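Remember, it's a predicted structure, so these values are computed and weren't measured experimentally. Protein chains get the first letters and strands the later ones, always in sequence-line order, with residue 1 at the start of each.
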Number of protein chains: 2
Amino acid sequence: MSERPSSSSSNPPNTPSQEHPAVAVDVVIFMIREGRLQVLLVKRRYPPFEGRWAIPGGFVHIDESLEDAARRELREETGVEDVYLEQLYTFGRPDRDPRMRVISVTYFALLPAGEIDVRAGDDAADARWFPVDDLPPLAFDHREIIEYALTRLRYKLEYTDVGFQLLPAEFTLTELQRAYEIVLGEQLDKRNFRRKILQSRILRETGRLRAGEGRPARLYEYRSDVRLQVKARRLFP
Amino acid sequence: MSERPSSSSSNPPNTPSQEHPAVAVDVVIFMIREGRLQVLLVKRRYPPFEGRWAIPGGFVHIDESLEDAARRELREETGVEDVYLEQLYTFGRPDRDPRMRVISVTYFALLPAGEIDVRAGDDAADARWFPVDDLPPLAFDHREIIEYALTRLRYKLEYTDVGFQLLPAEFTLTELQRAYEIVLGEQLDKRNFRRKILQSRILRETGRLRAGEGRPARLYEYRSDVRLQVKARRLFP
DNA sequence: ACAAAAGTGTTATGGGTACACCCATGC
DNA sequence: GCATGGGTGTACCCATAACACTTTTGT
């Protein structure tokens, strides 16, 4: 904000120096489906990149906040509300959109697994889920955006509790561990995992059981009231 | 990016749905001065918030990247180039600037201590350093932006090597430790600190000494070639 | 009784933290 | 020789990592 008179913008207080870029929000929507981490993509109907897959997005309305715009896109595409949404990064290379200058404020969203299989809201025909490790060619710099979102998600999985956002309200410890393994792309030790999760006090046992092929598993729910705090004093990798 | 026809923007391919917001970059410039962590602020000359202090910033030119715009502001204000600069967050509440819709892509910069006392480039009269724990009333949402930058800086200090960007090319271990203590706002143990830093292999002894009041101290330089990697598998705070 | 998945404890190792004294120089 | 800051080692504790068997249910 705040134009200030400086060598390059010495104009009256109320006008930015030049024409404005367009501002869009794009949302990387993650969900665990079929045992893999997937993202929702939409097929573009117009040039440029007509027919190419892209992450859902659109221009920011002049009177809505960035997060509101992201939630609107999310709702239009999936019908979901009240899911985890976090601002990721703002991409602004002048040539990232061949038509005109577009600055994209990106977000990533986490949908709980299993609930409803969102087939995408309005125009379902053009929306599909793709595993993050098997993406089609993408429009614009969207591949880079997804890679970045994935890096951030993996990172946050380790030192925050965002991981629970990928699970439904009730889940078993094995399901939770699978979710972690799917996102991190790596096997975890069952006993160590359980000890760590349980001693963090972030789960509450619901008292119910889920019957399956073998012995029924205890169901847990996430306690969003517990404040996890990072205590680690690391001072270096 | 990528307008897509959707319930709210079903217009031809090449026009965003409404008028564009203005896009600005604002830069939180940190430097350790006089034993405290300080930020560079400029005094606004025009309404709104005329006479109030604000972080340096300005509108993004239509053909420059966001980072270029941030570096341009940094250069105009301090004369420095080639310093650490990182995108922080994008603030876009519709009412954050009373005049019009302005979306601010914020960055933070770290200047090496001691070098030259940048008194601010062009219009020096209106620029001053303020300790982060003693800020004047600020324009717009700039207080929030600085708080956020500070949180991020403290956080990154612990698990990356950004801290070295706050020091000149050659420094003693005590100076490095002071820098950490100043930013973190907390005392650190000398022996543990030195062991940790040295065993990370990120410093090279220059072989020179700095004479002072007591015993001369060994000088070190940062080895930007060493790739620090986070190995920690934490799975939770 | 057997297949399938749930659930459970111990040990070894490494990193973090706490802590006090000698060393080299200038005055 | 004394004041000033530089430089060094050890012991305890806790978190992590590795590792295999028993339990409960359905068929």
ask   = Are the side chain of B:D189 and the backbone of B:N192 linked by a donor-acceptor contact shorter than 3.5 Å?
value = yes
inquiry  = Rounding to an integer number of Å, can you tell me how far B:R218 CZ sits from C:dT25 C1'?
reply    =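 About 14 Å, once rounded to whole Å.
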task = Identify the heavy atoms of A:F30 and A:L166 that sit nearest to each other, and give their distance.
result =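 The answer is O-CD2, 4.2 Å.
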request  = Using a 4.0 Å heavy-atom cut-off across all strands, classify B:R194 as base, sugar-phosphate, or nothing.
outcome  =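 Since a base atom lies under 4.0 Å of B:R194, the category is base.
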Nucleotide C:dG16, atom P - distance to CG of B:L188 in whole Å =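 Taking CG of B:L188 and P of C:dG16, I get 13 Å after rounding.
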task = Under 4.0 Å between any heavy atoms, over every strand shown, what does A:T172 touch: base, sugar-phosphate, or nothing? Just pick one.
result = nothing
Kindly give the atom pairs (protein nitrogen or oxygen, nucleotide nitrogen or oxygen) under 3.5 Å for nucleotides 18-20 of chain D.
from	atom 1	to	atom 2	distance (Å)
D:dA18	N7	A:N192	ND2	3.1
D:dA18	N6	A:N192	OD1	3.2
D:dC19	N3	A:R191	NH2	3.3
D:dC19	N4	A:D189	OD2	3.4
D:dC19	N4	A:R191	NE	3.4
D:dA20	N1	A:R191	NH1	3.3

remark   = Rounded to whole Å, the CZ-C1' distance (B:R208 to C:dT25) equals 19 Å
inquiry  = Could you check whether any side-chain N or O of B:Q165 sits under 3.5 Å from a backbone N or O of B:Y84, counting only pairs where one atom can act as donor and the other as acceptor?
reply    =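 Side chain of B:Q165 to backbone of B:Y84: no pair is present.
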request  = Starting at atom CD of B:Q187, determine the distance to atom C1' of C:dC19, rounded to an integer number of angstrom.
outcome  =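 So the CD-C1' distance, B:Q187 to C:dC19, works out to 15 Å.
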task = Check whether any side-chain heavy atom of A:I145 sits under 4.5 Å from a side-chain heavy atom of A:Y89, and report yes or no.
result =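 The answer is no; the side chains never approach within 4.5 Å.
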message = So, does A:T174 get its side chain near the phosphate of C:dA6, meaning an N or O under 4.0 Å from OP1 or OP2?
response =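 Yes, because at least one side-chain N or O of A:T174 sits under 4.0 Å from OP1 or OP2 of C:dA6.
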query = Are the side chain of B:H142 and the backbone N or O of B:A54 linked by a donor-acceptor pair below 3.5 Å?
reply = no
key: Between C:dA6 (C1') and A:L176 (CG): distance, integer Å   = 15 Å
Quick one: which protein N/O atoms are closer than 3.5 Å to N/O atoms of nucleotides 23-27 of chain D? Pair and distance per line, please.
from	atom 1	to	atom 2	distance (Å)
D:dT23	O2	A:R215	NH1	3.0

message = Does anything in residues 170-179 of chain B form a side-chain hydrogen bond (donor to acceptor under 3.5 Å, both in side chains)? List the pairs, not counting sequence neighbours.
response =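 As it turns out, the side-chain hydrogen bond (donor to acceptor under 3.5 Å, both in side chains) pairs with a partner in residues 170-179 of chain B, which skip direct neighbours, are B:E170-B:T206, B:E170-B:R208, B:E175-B:R210, B:Q177-B:E181, B:R178-B:E181.
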key: Distance in angstrom units between B:F193 CZ and C:dA18 C1', rounded   =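 Roughly 17 Å, once rounded to whole Å.
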request  = Round to a whole Å and report the spacing from NZ of B:K196 to P of C:dG14.
outcome  = 17 Å
message = Looking at A:E158 and A:R154, is there a salt bridge between them, counting it only when a charged N and a carboxylate O are closer than 4.0 Å?
response = no
query = Atom CG of A:L198 to atom P of C:dG7: distance rounded to whole Å?
reply =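 Rounded to whole Å, this separation is 10 Å.
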query = B:A70 and B:L85: which non-hydrogen atoms are nearest, and at how many Å?
reply =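 In this case the closest contact between B:A70 and B:L85 is CB-CD2, 3.8 Å.
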message = I'd like to check B:F140 versus B:D26 (side-chain heavy atoms, cut-off strictly below 4.5 Å). Are they in contact?
response =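 They are not in side-chain contact.
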